[in-house]
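As a basis for the values below, the full set of heavy atoms in this structure was taken, side chains included, without hydrogen atoms, waters or symmetry mates.
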Amino acid sequence: MENILKALEDGEKYGTILRAKGVVCGENGEWIHFDYVPSEPDVRTGAADIIGKICVIGSKINEDALSELFRLG
């Protein structure tokens, strides 16, 4: 997850990302909670959630590139 959040700094590829937050299921079945503001990623594990959630706020966001980065389909 740290590598994914670091990749968000590539403004040409993903757009200008001002904030990202979410809960996703990790490879081992644990839930990974993350918060991102430029140059300040925060990643931790936490309680299970029913579904994963990702919210990205910014400008000129490339949704297709973000979907690929977060492996959403």
Side-chain angles (χ1 to χ4, degrees):
M1 183 54 65
E2 287 93 359
N3 291 335
I4 290 173
L5 297 180
K6 183 160 180 57
L8 293 177
E9 295 177 12
D10 184 346
E12 288 186 28
K13 186 168 186 177
Y14 300 108
T16 302
I17 308 301
L18 302 174
R19 177 115 165 84
K21 184 174 187 163
V23 179
V24 295
C25 187
E27 292 177 1
N28 299 329
E30 79 249 346
W31 288 93
I32 300 170
H33 298 245
F34 68 89
D35 290 290
Y36 170 85
V37 293
S39 301
E40 293 185 36
D42 178 33
V43 179
R44 62 207 174 278
T45 57
D49 215 342
I50 295 172
I51 60 171
K53 304 170 200 153
I54 297 173
C55 177
V56 178
I57 299 169
S59 64
K60 299 181 183 175
I61 293 175
N62 183 337
E63 291 181 22
D64 292 334
L66 286 174
S67 290
E68 185 178 320
L69 178 66
F70 284 97
R71 297 173 191 92
L72 297 176

Interatomic distance, OH@Tyr36 vs CG@Leu5, rounded to 0.5 Å, equals 7.5 Å
Treating Ile, Leu, Val, Met, Phe, Trp and Tyr as nodes and any side-chain heavy-atom pair under 4.5 angstrom as an edge, say whether Phe34 and Ile4 lie in one connected cluster. yes
Checking Asp10 now: which residues fulfil side-chain hydrogen bond (donor to acceptor under 3.5 Å, both in side chains) with it, not counting sequence neighbours? none
Do Met1 and Leu8 share a hydrophobic cluster, counting only Ile, Leu, Val, Met, Phe, Trp and Tyr and linking them when any side-chain heavy atoms are less than 4.5 Å apart? yes
Scan the side chains in residues 56-64 for donor-acceptor partners under 3.5 Å anywhere in the protein, sequence neighbours excluded, and list what turns up.
{"from": "Asn62", "atom 1": "OD1", "to": "Asp64", "atom 2": "N", "distance (Å)": "3.2"}
{"from": "Asn62", "atom 1": "OD1", "to": "Ala65", "atom 2": "N", "distance (Å)": "3.0"}
{"from": "Asn62", "atom 1": "ND2", "to": "Lys13", "atom 2": "O", "distance (Å)": "3.3"}

Among pairs that include at least one residue of residues 38-47, which meet side chain to side chain donor-acceptor pair (under 3.5 Å), considering only residues two or more places apart or in two chains? Asp35-Arg44, Asp42-Arg44
Which residues share a ring-ring contact (aromatic ring centres under 6.0 Å, His included) with Tyr14, sequence neighbours left out: none
To the nearest 0.5 Å, what is the distance between CD1 (Ile17) and CG (Leu66)? 5.0 Å
With a 4.5 Å cut-off on side-chain heavy-atom distances among I, L, V, M, F, W and Y, is there a chain of contacts connecting Leu18 to Ile54? no
